[in-house]
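All remarks here apply to the structure that follows.
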Amino acid sequence: MHLVSWNVNGIRAIVKKEFVNNVREMAPDVLCLQETKATVEDVLDTCQLLPEYKVFANSSKARKGYSGTAILTKEEPTNVSFDLGLDDHDQEGRVITAEYPNYFLLTVYTPNAGEGLKRLDYRQTWDIAFREYLQWLMRRKPVIACGDFNVAHQPIDIARPKENYNKSAGYTQQEIDGFSGLLNAGFVDTFRHFHPSEVKYTYWNFVISGREKNIGWRIDHFLVNQKFLPKVKDAFIYDQYHGSDHCPVGIKF
């Protein structure tokens, strides 16, 4: 099985680029998307360009054209659910969970702490609720959680750690602790497990031409619970693919 996750920064924008060709080249069995910035209907309509996939989409109820997630899968899941089941966290279309016979696969677009860290308090409540949701799933069967977690966990995961630490959304101690909480709950950061010292990023700021200068962040992740780890063969960062300010990430198991 080959799973891929990609923050597309607007699905209607990225399909005008090489998105369909890129997906066919990677040929994932399941493709998880974040930041679709579209209604469910728009996502389903756009994804007709990839008829080999069944499509499940979640969109923001609070703000149109904001946030949003999708799962494109070749195999029909046994069940699909949306959000966390908590009103405080279910307004922005940030989570989809697909259940398969032997595991749960979840795509997440974690809330950004925002300009001036205005949403950092909310982000901390999200991190706790999300971790508890994953732990609840894990009691039933193995869990694979992928997406844009909006956090660089270690200095190796960010090009300028000193300049950004406790100043920039995605690299505050509170967010780092939130991600550590997931790892302490029994999850493994697959890329860092297989590539402990490799410097590779998944997000670059367009404004500062971050990609050209390789000033980036590794904030897109595939987590699996510890018991599932022996099945995972490798984890990838597909930074050869453009079209968004993020690149795809993947695992094979």
Side-chain angles (χ1 to χ4, degrees), residues 1-9 11 14-15 17-36 47 50 52-53 69-75 96 98 100 102-110 134 142-159 170 179 182-183 187-205 210-212 214-253:
M1 291 288 287
H2 180 204
L3 311 183
V4 169
S5 172
W6 198 351
N7 176 321
V8 291
N9 191 18
I11 193 164
I14 203 170
V15 293
K17 301 169 188 175
E18 288 295 308
F19 177 71
V20 172
N21 290 340
N22 293 164
V23 172
R24 294 231 163 99
E25 199 171 291
M26 289 186 284
D29 296 289
V30 187
L31 173 64
C32 295
L33 304 180
Q34 304 85 41
E35 211 175 351
T36 52
C47 290
L50 291 160
E52 60 268 43
Y53 293 97
T69 45
I71 292 180
L72 286 70
T73 175
K74 290 181 177 175
E75 181 189 343
I96 306 174
Y100 294 92
N102 300 316
Y103 58 92
F104 289 105
L105 172 63
L106 177 146
T107 182
V108 61
Y109 177 40
T110 302
L134 292 190
V143 175
I144 303 166
C146 69
D148 177 358
F149 285 78
N150 259 316
V151 60
H153 187 231
Q154 300 173 46
I156 192 176
D157 299 319
I158 180 170
F179 195 80
L182 288 172
L183 304 185
F187 284 89
V188 177
D189 173 352
T190 55
F191 183 80
R192 195 49 72 213
H193 172 79
F194 286 103
H195 308 279
S197 57
E198 188 170 352
V199 176
K200 222 167 181 189
Y201 306 124
T202 66
Y203 163 78
W204 304 263
N205 187 327
R211 197 155 192 163
E212 291 74 15
N214 202 29
I215 301 168
W217 303 54
R218 189 178 74 92
I219 60 175
D220 302 85
H221 307 291
F222 260 96
L223 306 185
V224 301
N225 65 284
Q226 198 82 44
K227 283 183 181 171
F228 194 80
L229 186 63
K231 296 186 190 304
V232 182
K233 302 302 177 201
D234 202 355
F236 311 91
I237 291 176
Y238 295 113
D239 54 3
Q240 67 269 40
Y241 295 113
H242 294 243
S244 169
D245 50 359
H246 295 247
C247 72
V249 298
I251 61 169
K252 288 185 178 175
F253 69 91

Okay, side chain of [X], backbone of [Y]: is any donor-acceptor separation there less than 3.5 Å?
| X | Y | answer |
| --- | --- | --- |
| H195 | A235 | yes |
| N21 | E18 | no |
| H246 | I219 | no |
| T190 | L223 | no |
| N225 | V143 | yes |

For a 4.5 angstrom cut-off between non-hydrogen side-chain atoms, does [X] reach [Y]?
| X | Y | result |
| --- | --- | --- |
| H153 | H221 | no |
| T110 | V151 | no |
| W204 | N214 | yes |
| L72 | V30 | no |
| I251 | V224 | yes |
| Y109 | N150 | yes |
| W6 | M26 | yes |
| N22 | V20 | no |

Any donor-acceptor pair under 3.5 Å linking the side-chain atoms of [Y] with those of [X]?
| X | Y | result |
| --- | --- | --- |
| Q34 | D148 | no |
| T202 | D220 | yes |
| Y100 | T73 | yes |

Note to self: Does K231, at its NZ atom, have more than 12 non-hydrogen atoms belonging to other residues, nucleotides or ligands within less than 6.0 Å?
What the structure shows: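 Atom NZ in K231 is not crowded, with 12 or fewer foreign heavy atoms closer than 6.0 Å.
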Margin query: Taking atom NZ as the centre, does K227 end up with more than 12 heavy-atom neighbours from other residues, nucleotides or ligands that are less than 6.0 angstrom away?
Written below: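 No, because the 6.0 Å sphere around NZ of K227 holds 12 heavy atoms or fewer from other groups.
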Next item on the list: Show the numbers, then the answer: is there a side-chain contact (heavy atoms from CB on, under 4.5 Å) between T69 and C32?
Entry: CA-CA 8 Å; T69 45; C32 295; over 6 Å; no
Item checked: Candidate pair L183 and V188, rule side-chain contact (heavy atoms from CB on, under 4.5 Å), full reasoning -> CA-CA 6 Å; L183 304 185; V188 177; 5.8 Å; no
Grab the two heavy atoms, one from [X] and one from [Y], that are nearest each other, plus how far apart they are.
| X | Y | answer |
| --- | --- | --- |
| F253 | V232 | CB-CA, 3.8 Å |
| V8 | T36 | CG2-CA, 4.2 Å |
| L50 | F19 | CD1-CE2, 4.0 Å |
| L33 | T107 | O-OG1, 3.6 Å |
| A152 | D157 | CB-O, 3.7 Å |

Quick check for you: to the nearest 0.5 Å, what is the distance between [X] atom [atom1] and [Y] atom [atom2]?
| X | Y | atom1 | atom2 | answer |
| --- | --- | --- | --- | --- |
| W217 | Y203 | CH2 | OH | 8.0 Å |
| C47 | L31 | SG | CG | 8.0 Å |
| K74 | E52 | NZ | CD | 6.0 Å |

Note to self: Test salt bridge (charged side-chain N to carboxylate O under 4.0 Å, His left out) on R192 and E198; report intermediate values, then the result.
What the structure shows: CA-CA 8 Å; R192 195 49 72 213; E198 188 170 352; over 6 Å; no
Notebook entry, point to check: Taking only residues two or more places apart in sequence or in another chain, which ones pass salt bridge (Lys or Arg N to Asp or Glu O under 4.0 Å) with D189?
Noted result: R218
Item checked: Centroid separation F222 to F187 less than 6.0 Å -> no
Check: Going through the distances and angles, do V199 and I156 end up as a side-chain contact (heavy atoms from CB on, under 4.5 Å)?
Finding: CA-CA 6 Å; V199 176; I156 192 176; 3.8 Å; yes
Margin query: Go through it in stages, so that I can follow the logic: the residues are L106 and I96, the test is side-chain contact (heavy atoms from CB on, under 4.5 Å), and I'd like the CA-CA distance, side-chain angles, deciding distance and then a yes or no.
Written below: CA-CA 6 Å; L106 177 146; I96 306 174; over 6 Å; no
Return a table of donor-acceptor pairs under 3.5 angstrom between the side chains of residues 236-243 and protein atoms on other chains or two or more places apart.
from : atom 1 : to  : atom 2 : distance (Å)
Y238 : OH     : H2  : NE2    : 2.8
Y241 : OH     : E25 : OE2    : 2.8

Margin query: With salt bridge (charged side-chain N to carboxylate O under 4.0 Å, His left out) as the criterion, how do D245 and R211 come out once you've worked through the C-alpha distance, each side chain's angles and the decisive distance to 0.1 Å?
Written below: CA-CA 8 Å; D245 50 359; R211 197 155 192 163; over 6 Å; no
